[in-house]
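Counting starts at 1 for both ligands and their atoms, following the listed order. Remember, predicted model here, so these are calculated numbers, not experimental data.
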Amino acid sequence: MTKPSSSSSTQVKTVIVPAAGMGTRFLPATKTVPKELLPVVDTPGIELIAEEAAQLGATRLAIITAPKKQEVLAHFDSFPELEELLGARGKEEQLAKVRRASQLPAPVAVEQEKPLGLGHAVGLAEAVLDDDEDVVAVMLPDDLVLPTGVVEKMVEVRNELGGSVLCAFDVPQEDVYNYGVFDIEEADYNGEYRVKKVRGMVEKPDAESAPSTFVATGRYLLDRAIFDALKRITPGAGGELQLTDAVALLIEEGHPVHILVHEGKRHDLGNPGGYIPAVVDFGLAHPTYGPHLKKVLREIIEEHGA
Ligand code: UTP
């Protein structure tokens, strides 16, 4: 099969970044600090996601925020006084770091008054879309999918197969109980990626009853039809409006939904158990901190008798 041409039809203008959750798994830090601003080494998770959106060529970041989480948007402002001070002191490297976020795709705030679920959060973003946008990407800011660039591949799959494309990971069978698991069948696709057709999804099944080992992760390329589906779902698991329920509704109605199985790694920044390894991973790769961190980590591991 030939690769999709560069004149492909899908151009993602808007990346929706839901950041209005309560972050309860990260209390007490999230009493006052939004979890999306917790630093991975020195850069907040949401800035890493904004960079990924810029790499995709998106021009708008629709950030879903809660009334008490305005700092998330403030991170993308410019800071003239700080910039002037750093400039005057010749701190060019720090100046570049301060400016980086304000040079990324323009963020638009979409307020979610109450955390009624990811589906509800995503649905609110329809208000900021242009009429000609027939597709959106959703990137969860607490989920790092590495190497970046997976949504570009999902765009290629949509160009080939239409509909919506979700990112999946293949996990060991014993780990599936933690995730939304895809029920899949072979796709009519002979391209270079691992692509499956989605029949349905099961939330957090037992390892024995799971329909596959392909699990959902925080990257979605969604046809605009998702917004209509989101208006028609009712609260699901946890009393929240679930994005996966709207996807399930689309599938029922014959809308094509595929997964692209990502060959890489991910870090779940949404809880300390995933956040700590992410910081270690990025720290080890960091030219300034890496060598020292490696040495110290060895000592710490030895001290803990591992
Ligand atoms: P999570 O379930 O991981 O985030 O939602 P949470 O609800 O903040 O986490 P816990 O369970 O309380 O620890 C995934 C993403 O969706 C956003 C979150 O901010 C997170 O980035 N979200 C979730 C919303 O924007 N609104 C919601 O109503 C729920």
for atom 11 (O) of ligand 1, nearest protein heavy atom and its distance come out as R25 NE, 3.2 Å
Can you check whether P141 has an N/O within less than 3.5 Å of an N/O in ligand 1? no
Side chains of Y193 and E156: any donor to acceptor distance under 3.5 Å? yes
heavy-atom search around atom 26 (N) of ligand 1 in the protein gives Q112 OE1, 2.7 Å
shortest atom 28 (O) of ligand 1-to-protein heavy-atom contact is with G117 N, 2.8 Å
Around atom 17 (C) of ligand 1, find the nearest protein heavy atom and jot down its residue, atom name and distance. P18 O, 3.5 Å
Under a 4.0 Å heavy-atom limit, does E36 contact ligand 1 with its side chain, its backbone, both, or neither? side chain
Looking at E52 and R219, is there a salt bridge between them, counting it only when a charged N and a carboxylate O are closer than 4.0 Å? yes
Do the charged groups of E185 and K196 touch, with an N to O distance under 4.0 Å? no
Protein residue, atom and distance nearest to atom 22 (N) of ligand 1, heavy-atom basis: G21 N, 3.6 Å
Verify whether one side chain among R25 and T30 offers a donor that lies under 3.5 Å from an acceptor in the other. no
Should H120 be listed as contacting ligand 1, given a heavy-atom distance under 4.0 Å as the test? no
Which protein heavy atom lies closest to atom 8 (O) of ligand 1, and at what distance to 0.1 Å? G23 N, 2.8 Å
Examine the side chains of H255 and D223 and answer whether a donor and an acceptor come within less than 3.5 Å of each other. no
Please report which non-hydrogen protein atom sits nearest to atom 5 (O) of ligand 1, along with the residue it belongs to and the distance in Å to one decimal place. D142 OD2, 4.4 Å
Nearest-neighbour protein heavy atom for atom 25 (O) of ligand 1, which is reported as residue plus atom name and distance: A20 N, 2.8 Å
N-O pairing of K231 and E126 below 4.0 Å: yes
N or O contact, L140 vs ligand 1, cut-off under 3.5 Å: no
Go through ligand 1 atom by atom and flag the ones less than 4.0 Å from a non-hydrogen atom of P115. 28 (O)
Pairs of nitrogen or oxygen atoms closer than 3.5 Å, one from M22 and one from ligand 1: do any exist? yes
Could a heavy atom of K114 be found less than 4.0 Å from some atom of ligand 1? no
Is it true that Q55 and T148 share a donor-acceptor pair across their side chains at a distance under 3.5 Å? yes
Qualifying residue, where the test is salt bridge (Lys or Arg N to Asp or Glu O under 4.0 Å) with K13 and the options are D131, D134, D130: D130
Enumerate the atoms of ligand 1 whose separation from the nearest heavy atom of A121 is less than 4.0 angstrom. 24 (C), 25 (O), 26 (N)
Short side-chain donor-acceptor distance under 3.5 Å, D143 and T217: yes
Within the structure, does T24 bring an N/O atom to less than 3.5 angstrom of an N/O atom in ligand 1? yes
Can a non-hydrogen atom of K35 be found less than 4.0 Å from any atom of ligand 1? yes
If we check side-chain hydrogen bond (donor to acceptor under 3.5 Å, both in side chains) with H120, which of these qualifies: E113, E240, Q112? Q112
For R298, is there an ion pair with E302 - N to carboxylate O distance below 4.0 angstrom? no
Ionic contact status for E186 with K197, cut-off 4.0 Å: no
So which bit of L116 gets within less than 4.0 Å of ligand 1, heavy atoms only: side chain, backbone, both or neither? backbone
